[in-house]
Amino acid sequence: MKEDGHGLNLEFILDKAYQEKFLNKEEIIFLLSQREEEKIKQIYAAARMMRQKYFGQKIFMYGFIYFSTYCRNNCTFCLYRKENHALTRYRKNETEIMETAASLAASGVHLLDLTMGEDPEILKQHSEGYDQLLHMVRGVKKVSSLPLMISPGVVPSGFLGKLKEAGIDWYALYHETHNRALYAQLRLGQDYERRWQAKKQAHELGMLVEEGLLTGVGDTVDDVADSMFAMKKLGAEQVRVMSFVPQEETPMAHWDSPARIHEMLIIAVMRLLFPDRLIPASLDVDGIKGLQERLAAGANVVTSIIPPKSGLAGVSNNTLDIEDGNRTVPTINRVLEEVDLMPATQQEYHNWVCLSRGAVR
Ligand SMILES: C[S@@+](CC[C@H](N)C(=O)[O-])C[C@H]1O[C@@H](n2cnc3c(N)ncnc32)[C@H](O)[C@@H]1O
Ligand SMILES: C[C@H](CCN)[C@@H](N)C(=O)O
Ligand code: SF4
């Protein structure tokens with residue numbers, strides 16, 4: 001029975017999700033609005049069951065190399081926005097990047113995520129920056145032999161094609177929200193449509209695509225539900241959500257970080273709507289201590305693994321857990337073991353990427 005005295009029924013909705021029928025907006029909002037502990041537990045258990053169906057106990061791990069923190073953009077939520085002068089920025093040279101890539105690969109991660117601010121030195125049209133970036137990507141591919149993701153911001157389609165040729169498998173580009181008015185307040189002066197097209201172009205080129213949301217930035221459950229439909233339309237192979245973390249000297253410095261229930265329920269709902277896709281548990285929000293709850297909500301990738309002593313930063317928590325070695329594979333493995341999960345093999349990740357790429361083409 002669908003209806004109960006209050007309108008919608010949790011069992012009915014979860015049952016619909018088990019049958020892999022895409023939920024409607026009302027149902028998504030109903031799940032995202034639950035605050036009773038028992039009901040929330042039921043939603044997480046359903047999400048874990050769907051993860052189990054497609055991935056068993058296996059979890060993937062992504063190494064994170066934020067190689068340039070220079071940016072030409074001014075996102076209101078981000079520490080690295082152009083107008084933030086209270087920050088020491090870096091641009092890592094090729095030797096440093098290769099060393100980090102090799103050490104992350106040796107530590108057992110399944111993928112390397114090469115991330116940058118929209119560094120004008122690298123992205124300036126007709127500059128040497130493009131060639132240097134392509135050279136760097138080829139080098140990283142060679143020293144690591146791993147699948148690669150790039151998060152360079154919006155780049156022209158011709159350049160995306162070159163990145164693909166150089167060895168990039170994944171293009172990560174997050175809209176944060178699909179409420180256009182809110183988007184315009186967050187990603188100042190960045191065209192919504194152009195960002196969307198970049199992801200579609202990446203798919204057309206045969207790359208895998210990651211889409212992402214930011215929660216706690218003025219988004220409503222209605223907005224989040226709309227974003228689920230946008231993710232569905234895009235057919236993103238990896239979907240994520242991160243809780244906003246306030247950054248000093250930025251326009252949103254005085255905003256609170258949202259209660260984590262929002263992020264956890266969004267992860268669980270994503271798992272129910274996209275059971276066979278990859279969903280990160282980012283160490284960048286609450287560090288290693290936040291890993292268990294994200295896995296319990298249905299995530300199946302641990303992201304933002306950063307080696308200590310590399311001089312590399314995170315994004316939303318740019319130093320948390322890095323120097324004490326808590327964003328490393330051995331520490332993560334201990335957490336996985338505690339909750340009866342285990343790292344996937346390289347071959348398993350490789351197979352997933354190849355299969356999904358087959359579906360993109
Ligand atoms: C720093 S950007 C790097 C890639 C590229 N510059 C871009 O914006 O596409 C990666 C993502 O980090 C997340 N992020 C940035 N600042 C954050 C904050 N203060 N709290 C939580 N997540 C944040 C956003 O979701 C953003 O899309
Ligand atoms: C937001 C970042 C990813 C960029 N592709 C990274 N700090 C993470 O949490 O995985
Ligand atoms: S989110 Fe990305 S594009 Fe926006 S300011 Fe930060 S680094 Fe730049």
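Numbers here are sequence positions counted from 1.
Residues D15 and Q19 have side chains that bring a donor and an acceptor to within less than 3.5 angstrom of each other. Side-chain N/O atoms of R260 and S257 include a donor and acceptor closer than 3.5 Å. For the residue pair T100 / S103, no side-chain donor-acceptor distance below 3.5 Å is found, with atom types taken as modelled. Between the side chains of E348 and T345, at least one donor N or O sits under 3.5 Å from an acceptor N or O. Under 3.5 Å, the side chains of R327 and S304 contain a donor-acceptor pair of N or O atoms.
Atoms CZ and SG, on R89 and C71 in that order, are 7.5 Å from each other to the nearest 0.5 Å. Taking CG of L87 as the start and OG1 of T250 as the end, the distance is 11.0 Å to the nearest 0.5 Å. With values rounded to the nearest 0.5 angstrom, L272 atom CG is found 11.5 Å from R51 atom CZ. For the atom pair CD (E263) and CE (M242), the distance works out to 8.0 Å, reported to the nearest 0.5 Å. Separating the CD atom in E99 from the CD1 atom in I65 is a distance of 11.5 Å, to the nearest 0.5 Å. With rounding to the nearest 0.5 angstrom, the CE atom of M98 is 13.5 Å from the NZ atom of K92.
More than 12 heavy atoms of other residues, nucleotides or ligands sit less than 6.0 Å from atom CD of E20. Enclosure of atom NE2 in H262 by more than 12 non-hydrogen atoms of other residues, nucleotides or ligands within 6.0 angstrom is indicated. Residue E193 qualifies as enclosed at atom CD: its count of foreign heavy atoms under 6.0 Å is above 12. The local environment of NZ in K82 is sparse, with at most 12 non-hydrogen atoms from other residues, nucleotides or ligands closer than 6.0 Å. Heavy-atom contacts from other residues, nucleotides or ligands closer than 6.0 Å to CD of E37 number 12 or fewer. Atom NZ of K25 sits in a crowded spot, with more than 12 heavy atoms from other residues, nucleotides or ligands closer than 6.0 Å.
A continuous path of ILVMFWY side-chain contacts below 4.5 Å connects V140 to L146, so both sit in one hydrophobic cluster. Linking Ile, Leu, Val, Met, Phe, Trp and Tyr whenever their side-chain heavy atoms come within less than 4.5 Å puts V241 and V221 in one cluster. If you chain together hydrophobic residues whose side chains sit under 4.5 Å apart, M50 and F12 fall into the same group. In this structure, L320 is not a member of the same hydrophobic cluster as V302, with clusters built from ILVMFWY side-chain heavy atoms closer than 4.5 Å. Hydrophobic clustering, with ILVMFWY side chains joined whenever heavy atoms are under 4.5 angstrom apart, groups M136 together with L104.
Distance alone, capped at 3.5 Å, places no donor-acceptor pair between the N300 side chain and the K58 backbone. Listed for the D321 side chain is a donor-acceptor partner under 3.5 Å among the backbone atoms of I288. Checked by atom type and distance alone, the side chain of N317 pairs as donor or acceptor with a backbone atom of D284 at under 3.5 Å. Using a distance-only test at 3.5 Å, with no hydrogens or angles considered, no donor-acceptor pair links the side chain of Q238 to the main chain of R277. In this structure, the side chain of T115 does not engage the main chain of S151 through any donor-acceptor pair within 3.5 Å. Looking at N84, its side chain never comes within 3.5 Å of a backbone N or O of R81 through a donor-acceptor pair. The main-chain N or O of L188 is never found under 3.5 Å from a side-chain atom of N74 such that the two would form a donor-acceptor pair. Checking side-chain atoms of T76 against main-chain N and O of R187 turns up no donor-acceptor pair under 3.5 Å. With hydrogens and angles disregarded, a donor-acceptor distance shorter than 3.5 Å links the side chain of E96 to the backbone of N93. Q247 contributes no side-chain N or O that, together with a main-chain N or O of M252, makes up a donor-acceptor pair within less than 3.5 Å.
L10 places a side-chain heavy atom less than 4.5 Å from the side chain of Q42. In this structure, K200 and H203 have side chains that are not in contact, with every pair of non-hydrogen atoms separated by 4.5 Å or more. Inter-residue side-chain proximity for F64 and L112 is flagged as unmet; no heavy-atom pair is nearer than 4.5 Å. Two residues are said to be in side-chain contact when any heavy atoms from C-beta on lie closer than 4.5 Å; F67 and D119 fail this criterion. No side-chain heavy atom of K199 sits under 4.5 Å from any side-chain heavy atom of E210. Under the 4.5 Å side-chain criterion, counting only non-hydrogen atoms from C-beta, D256 is not in contact with F244. A 4.5 Å side-chain heavy-atom check between L295 and L336 finds at least one atom pair inside the cut-off. Here the side chains of V224 and L265 are not in contact, with every heavy-atom distance at 4.5 Å or above.
Cation-pi contact between R91 and Y70: present, with separation from the ring centre below 6.0 Å and deviation from the ring axis of at most 45°. Cation-pi geometry between K233 and F229 is not met: the NZ or CZ atom fails to fall both under 6.0 Å from the ring centre and inside 45° of the normal.
Using a cut-off of 4.0 Å between Lys/Arg side-chain N and Asp/Glu carboxylate O, K162 and D131 are scored as not salt-bridged.
Note on ring orientation: taking the six-membered ring where Trp is involved, the planes of Y349 and H110 are tilted (angle from 30° to 60°).
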| said: Set out, in order, the CA-CA distance, both residues' side-chain angles and the distance that settles side chain to side chain donor-acceptor pair (under 3.5 Å) for N351 and Q347, then state yes or no. | reply: CA-CA 6 Å; N351 291 349; Q347 190 61 46; 3.0 Å; yes
inquiry  = What verdict does the side-chain contact (heavy atoms from CB on, under 4.5 Å) test give for L214 and F77, after you've listed the backbone C-alpha separation in whole Å, the side-chain angles of each residue and the deciding distance to 0.1 Å?
reply    = CA-CA 9 Å; L214 200 51; F77 53 83; 3.6 Å; yes
message: As a quick check of understanding, evaluate salt bridge (charged side-chain N to carboxylate O under 4.0 Å, His left out) for E323 and K309, giving each step before the final call.
response: CA-CA 6 Å; E323 282 318 306; K309 301 193 183 69; 5.6 Å; no
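You'll find the ring centres of F22 and F274 inside the 6.0 Å limit. Ring pair Y183/H178: centre-to-centre distance not below 6.0 Å.
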